[in-house]
K.L.:
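I am attaching a structure below and will ask some questions about it afterwards.
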Amino acid sequence: MIKSHPLKGPNRLKLGVFAANADGGLAITDVPERWAASWQDNLTAAQIADRAGLEFFLPIARWRGFGGKNRVREWSFETFTWAAALAAATEKIGLFMTVHVPLVHPLYAAKSLATVDHVSQGRAGLNIVCGWNPKEFGMFGVPLVEKGYDQAAEWLEIVEKVYASDEPIDYIGAYYTLKEAVSRPASLQMPRPVTMNAAFGGPGRDFAAASCDYLFTTFTEIAAAGKHVSDIRERAEKKGRDVGVYTVCHVVCRQTQQEAEDYYIRYAVTMADHAAVDQHMAGKKEFSQSHDRDAYDRYRQRFAGGAGSYPLVGTPEKIAEEMIAISAQGYAGIALSFVNYTQELPYFCDRVIPLLKKAGLRVE
């Protein structure tokens, strides 16, 4: 008997950890405490988050890095096997896998996803992405797909169909042709584990509205963040669906505001890995639709600090105040990154989560 997935739990504002499977996490920096992303690092961070009651642990899918002094994000753990191992070492937290649809066959994904769902007793989740980096796809000898989310719709349909059928199925689509396909066991969650799509552009949001449970997106300023929530809700309503909206923030939580701001300057400006920041920003700007266009010109520090995500920098009280404001804009959850997860996550959990409970956003 499985329990409800953590993302379906009672807390109004769900919290998770993002990108711990890759070196540096989201930070592109040269500070000596930068995240090494060893297996022990990942295990410790996941168990800290699990004990603190966070709802999810979400990886990035990265096959090559962005160069620079540290060859940023070249070191990363593959997400299916990573999630399976963490599932066996945690108790309550949701374990997501992030998959590039054009690089992973849906039958392989169905089998792997079901395996993690069984190991975790129903805590698996799937973050579906179509990819944007031509250099990564070139490693596989695969071109970027022009209509990637059309392929993603077929891909997810196949996963659901093989789970639902006790008999082999045939499938003929624009991207996949399957003959007598079967995948057993099915996932414990039905019709499949919870799904999230990280998309900013229209095609990705249409796919999320039609096929996923949650959309994972970014914004530049909290005051205008609600427009993205309204957009996905309108798209989902046209499909007769309800899709939750999540975002990502990078965090510097310290006892004083000055201490937090000084550290943010230190790691994201003074000691940023500038060559890697340049490469990352150029690639994202040309090939990805993951941010508002003005973010690339206005917020270089945010790309060094946390892949262009919104910064939560300050005291526990200041950070809680901004998270409350993000929730008020309609966001159902926030994925968090830190320069060093095991060093910084305990303080965040001890000091910020009680403030969110006091505000009524969390009950557990």
K.L.:
Could you check, using the six-membered ring where one of them is a Trp, whether Trp155 and Phe207 have ring centers closer than 6.0 angstrom?
P.N.:
no
K.L.:
Take Glu136 and Leu103 through the side-chain contact (heavy atoms from CB on, under 4.5 Å) test and state the conclusion after the steps.
P.N.:
CA-CA 10 Å; Glu136 284 192 321; Leu103 302 182; 5.8 Å; no
K.L.:
I would like to know whether Glu234 and Arg205 meet salt bridge (Lys or Arg N to Asp or Glu O under 4.0 Å); could you show each step before the answer?
P.N.:
CA-CA 10 Å; Glu234 290 175 6; Arg205 291 187 174 189; over 6 Å; no
K.L.:
Test of understanding: clusters of I, L, V, M, F, W, Y form through side-chain heavy atoms closer than 4.5 Å, transitively. Do Val17 and Leu58 belong to the same one?
P.N.:
no
K.L.:
Residues two or more places apart in sequence or in another chain: which of them pass side-chain hydrogen bond (donor to acceptor under 3.5 Å, both in side chains) with Ser230?
P.N.:
none
K.L.:
Please report the shortest heavy-atom distance between Val194 and Asp213, naming the atom on each side.
P.N.:
CA-OD2, 3.2 Å
K.L.:
Looking at residues at least two apart in the chain, or sitting in another chain, which of them share a salt bridge (charged side-chain N to carboxylate O under 4.0 Å, His left out) with Asp170?
P.N.:
none
K.L.:
Can you name the salt bridge (charged side-chain N to carboxylate O under 4.0 Å, His left out) partners of Asp50, sequence neighbours left out?
P.N.:
none
K.L.:
Any side-chain to backbone donor/acceptor pair from Arg192 onto Glu160? Under 3.5 Å, distance only.
P.N.:
no
K.L.:
Quick check: is Tyr347 connected to Trp35 through a chain of hydrophobic side chains (ILVMFWY, heavy atoms under 4.5 Å apart)?
P.N.:
no
K.L.:
Testing the basics here: between Ala208 and Val243, what is the closest heavy-atom pair and its distance to 0.1 Å?
P.N.:
O-CG2, 3.7 Å
K.L.:
Could you measure the distance from the NE2 atom of His250 to the CG atom of Leu26? Nearest 0.5 Å is fine.
P.N.:
8.5 Å
K.L.:
Name every donor-acceptor pair, under 3.5 Å, that has one atom in a side chain of residues 328-338 and the other anywhere in the protein, sequence neighbours excluded.
P.N.:
residue, atom, partner, partner atom, Å
Gln329, OE1, Gly226, N, 2.8
Tyr331, OH, Ala225, O, 2.8

K.L.:
Closest approach of Cys212 and Thr195, non-hydrogen atoms and distance?
P.N.:
CA-OG1, 3.2 Å
K.L.:
Please give the remaining members of the hydrophobic cluster of Met271, linking ILVMFWY side chains under 4.5 Å, ordered by chain and number.
P.N.:
Val31, Val252, Tyr263, Tyr264, Tyr267, Val313, Val339
K.L.:
Are Leu54 and Tyr214 connected into the same hydrophobic cluster when the rule is that any two of I, L, V, M, F, W, Y join if their side-chain heavy atoms are below 4.5 Å apart?
P.N.:
no
K.L.:
Are His5 and Leu7 packed together at the side-chain level, in the sense that at least one heavy-atom pair is separated by less than 4.5 angstrom?
P.N.:
yes
K.L.:
Could you walk me through whether Lys135 and Glu74 pass the salt bridge (Lys or Arg N to Asp or Glu O under 4.0 Å) check?
P.N.:
CA-CA 12 Å; Lys135 289 184 178 181; Glu74 186 172 292; over 6 Å; no
K.L.:
Would a 4.5 Å heavy-atom cut-off, applied to side chains only, mark Met97 and Trp82 as touching?
P.N.:
no
K.L.:
Has Glu317 got more than 12 heavy atoms of other residues, nucleotides or ligands less than 6.0 Å from its CD?
P.N.:
yes
K.L.:
Using a strict threshold of under 4.0 Å (side-chain N to carboxylate O), is an ion pair present between Glu259 and Lys318?
P.N.:
no
K.L.:
Pro168 and Val182: which non-hydrogen atoms are nearest, and at how many Å?
P.N.:
CA-CB, 4.4 Å
K.L.:
Give a yes or no on whether a salt bridge exists between Arg235 and Asp231, defined as a side-chain N under 4.0 angstrom from a carboxylate O.
P.N.:
yes
K.L.:
Sequence neighbours excluded, which residues qualify as salt bridge (charged side-chain N to carboxylate O under 4.0 Å, His left out) partners of Asp23?
P.N.:
Arg34
K.L.:
Provide the closest heavy-atom pair for Ala61 versus Thr79 in the form atom of the first, atom of the second, distance.
P.N.:
CA-CG2, 4.5 Å
K.L.:
With ring centroids as reference points, do Phe18 and Phe216 lie under 6.0 angstrom apart?
P.N.:
yes
K.L.:
Check whether Arg62 reaches the backbone of Asn21 with its side chain - one donor and one acceptor, N or O, closer than 3.5 Å.
P.N.:
no
